[in-house]
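Down below is the structure, laid out as structure tokens.
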Amino acid sequence: MPQPLVEERRVRSFDGTDIAYHVVGQGRPVLLCNGLGGSWVAWTHQIRYLQDRYRFISWDYRGLYRSGPPGVAGALHIDAHARDGLAVMDAEGIDSAALLGWSMGVQVALEMFHLAPERVANMTLLNGVSGQIYESVMNLGFMDKVVPPVLRALGSQPRWVEAVVRQAVRFPATVQLAKGLGLAAGTLDEDVFRALAASFKDLDMGIYLKLLELLGEHDATHLLSRVDVPVLVVAGDRDIMTPQAAAAKMAAAIPEAELMVIAGGTNYAAVEYPELVNLRVEKFWLTRGYAA
């Protein structure tokens, strides 16, 4: 099936950063908070299914894809991305929206609620955690001591990393390798995955690796008990990046949050089991006061 026809627009964020964002659909607004390295393409199935009833708005994180580098040196922390999301809402004249966050986007969505709770109608938190992400990787409990120094070392050689990534995305068996290693389920939409993987060759790896490092420093766990909007947490039981146990712990800390665990799902659940995710998100909006 063809990709949705999105319209690209631009806005200057709080510190002058040039932010590219994309709009498609009609109806009540849904702000898509992407995973790191992802774009609106990752949400292709959700947009196709719901665009006749909801208006989807997605933005490229500062320094990645079509957005410019930070207007202020070093402004890459999660709160900066959250403020970019609010700037996009302002540009579109949106007072309040449903937030749909994936992986890094879970932390961005929670930070947006922290900054402007009155502008968040509800949140769907997919394949993510509230913070200190490397503590939960693979449920090992010590990766927060291992991953940051590795990322800093790689960040000192961004051109080398870019060369490796370009070779990897050209490798024809990338999808099968991801499935074989358990990083993706057998039901993965290979076309969407290839499109996402191919886009990595154009990323600034210096910024990308710095964002990965900063993800490990952000923690919104203290905020969870104060969340007073409807929340749906979606996890995959084979997700080694943001494991089911961490998602369940986050859901338990949010008053009246709903939790759905997808059997066989990894960190790419939305493109592995799109029909299941679409129907569950649609039900959540319909039953929690966000009907189209």
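Residue numbers count from 1 along this sequence. Just so you know, these numbers come straight off a predicted model, no measurement behind them.
Residues L215 and L36 are in side-chain contact: their nearest non-hydrogen atoms beyond the backbone lie under 4.5 Å apart. Residues R238 and Q244 form no side-chain contact, since every pair of their non-hydrogen atoms from C-beta on lies 4.5 Å or further apart. The closest side-chain heavy-atom distance from R119 to M89 is below 4.5 Å. Considering only heavy atoms from C-beta on, F56 stays 4.5 Å or farther from V6 through its side chain. Proximity of P29 to I57: side-chain heavy atoms (C-beta onward) are separated by under 4.5 Å at one or more points. The side-chain heavy atoms of T266 and I240, taken from C-beta on, include no pair separated by under 4.5 Å.
When every heavy atom of V192 is checked against every heavy atom of V41, the shortest pair comes out as CG1-O, 3.7 Å. Nearest heavy-atom pair, D204 versus G63, reported as atom, atom and distance to 0.1 Å: CB-O, 4.2 Å. What you find for S225 and H222 is that their closest heavy atoms are OG-O, 4.1 Å. Across all non-hydrogen atoms, the minimal contact from L126 to A270 is CD2-CB, 3.7 Å. Shown here for A91 and V11, the closest heavy-atom pair between the two residues is CB-CG2, 3.8 Å. Across A246 and V129, no two heavy atoms sit closer than the pair CB-CG1, 3.6 Å.
There is a path of hydrophobic side-chain contacts, each under 4.5 Å, that joins M123 to V261. Put simply, I19 and V72 are part of two different groups of oily side chains (I, L, V, M, F, W, Y) that touch within less than 4.5 Å, one to the next. V88 and L115 fall within a single hydrophobic cluster, where Ile, Leu, Val, Met, Phe, Trp and Tyr side chains are chained together by heavy-atom contacts under 4.5 Å. Under the 4.5 Å side-chain heavy-atom criterion for Ile, Leu, Val, Met, Phe, Trp and Tyr, L279 and I262 are members of the same hydrophobic cluster.
Sparse packing is recorded around CG of D95, with 12 or fewer heavy atoms of other residues, nucleotides or ligands lying under 6.0 Å away. Within a 6.0 Å radius of OH in Y268, other residues, nucleotides and ligands contribute 12 heavy atoms or fewer. Residue R288 qualifies as enclosed at atom CZ: its count of foreign heavy atoms under 6.0 Å is above 12. Summarising the local packing, CD of E8 is surrounded by more than 12 heavy atoms from other residues, nucleotides or ligands at distances under 6.0 Å.
S67 places a side-chain N or O within 3.5 Å of a backbone atom of A20 that can act as its donor or acceptor partner. Between the side chain of T187 and the backbone N or O of Y273, no donor-acceptor pair lies under 3.5 Å. At least one donor-acceptor pair under 3.5 Å links the side chain of D237 to the backbone N or O of G264. E272 contributes no side-chain N or O that, together with a main-chain N or O of G265, makes up a donor-acceptor pair within less than 3.5 Å. No side-chain donor-acceptor contact under 3.5 Å links S103 to the backbone of G105. Side-chain atoms of T124 never come within 3.5 Å of backbone atoms of L232 as a donor-acceptor pair (strictly under, hydrogens ignored). Under the 3.5 Å distance criterion, the side-chain polar atoms of T287 are matched with a main-chain donor or acceptor of K283.
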*Determine, stepwise, if the pair N127 / D239 fulfils side chain to side chain donor-acceptor pair (under 3.5 Å).*
CA-CA 8 Å; N127 293 124; D239 186 348; 3.1 Å; yes

_Pair L223, T221 - check side-chain contact (heavy atoms from CB on, under 4.5 Å), show working._
CA-CA 5 Å; L223 175 69; T221 304; over 6 Å; no

*Starting from the C-alpha separation in whole Å, work towards a yes-or-no answer on side-chain contact (heavy atoms from CB on, under 4.5 Å) for R53 and Q26.*
CA-CA 6 Å; R53 288 156 285 163; Q26 56 188 349; over 6 Å; no

*Start with the C-alpha distance between D90 and R83, add both sets of side-chain angles, then the distance that settles salt bridge (Lys or Arg N to Asp or Glu O under 4.0 Å), and finish with yes or no.*
CA-CA 10 Å; D90 289 341; R83 293 176 72 180; over 6 Å; no

*Given side chain to side chain donor-acceptor pair (under 3.5 Å), test T242 with N267 step by step and report yes or no.*
CA-CA 7 Å; T242 54; N267 200 245; 3.1 Å; yes

*Check step by step if side-chain contact (heavy atoms from CB on, under 4.5 Å) holds for V277 and V271.*
CA-CA 9 Å; V277 171; V271 290; over 6 Å; no

_Assess the residue pair E258 and V233 against the criterion (side-chain contact (heavy atoms from CB on, under 4.5 Å)); give the C-alpha distance rounded to whole Å, side-chain angles, the decisive distance to 0.1 Å, and a yes or no._
CA-CA 6 Å; E258 302 175 35; V233 176; over 6 Å; no

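Y290 carries R28 over the face of its six-membered ring, with the cationic atom under 6.0 Å from the centre and within 45° of the normal. A cation-pi arrangement, defined by a distance under 6.0 Å to the six-membered ring centre and an angle within 45 degrees of its axis, is absent between R12 and F14.
Screening W59, W40, W43 against N34 for a side-chain hydrogen bond (donor to acceptor under 3.5 Å, both in side chains) leaves a single residue, W43.
A donor-acceptor contact under 3.5 angstrom links the side chains of Y21 and E92, judged on distance only. Side-chain polar atoms of H218 and E111 form a donor-acceptor pair below 3.5 angstrom.
Annotation: the span from L86 atom CG to M112 atom CE amounts to 4.0 Å, rounded to 0.5 Å. With rounding to the nearest 0.5 Å, the separation of NZ in K210 from CG in L76 is 8.0 Å. Interatomic distance, L203 CG to L64 CG, rounded to the nearest 0.5 Å: 5.5 Å. Rounded to the nearest 0.5 Å, atoms CG (L100) and CD1 (I47) are 9.5 Å apart. In this structure, H81 NE2 and D60 CG are separated by 12.0 Å, a value rounded to the nearest 0.5 Å. Atom NZ of K249 is separated from atom OG of S130 by 8.5 Å, given to the nearest 0.5 angstrom.
Between E190 and K179 there is a salt bridge, since a side-chain N of the basic residue sits under 4.0 Å from a carboxylate O of the acidic one. In this structure, R62 pairs ionically with D15, as a charged nitrogen and a carboxylate oxygen lie closer than 4.0 Å. At a threshold of 4.0 Å, the pair E282-R280 does not count as salt-bridged, since none of the basic side-chain nitrogens sits closer than that to a carboxylate oxygen. With salt bridges taken as basic N to acidic carboxylate O contacts below 4.0 Å, none links D189 and R194.
Separation of the W285 and Y54 ring centroids falls under the 6.0 Å cut-off.
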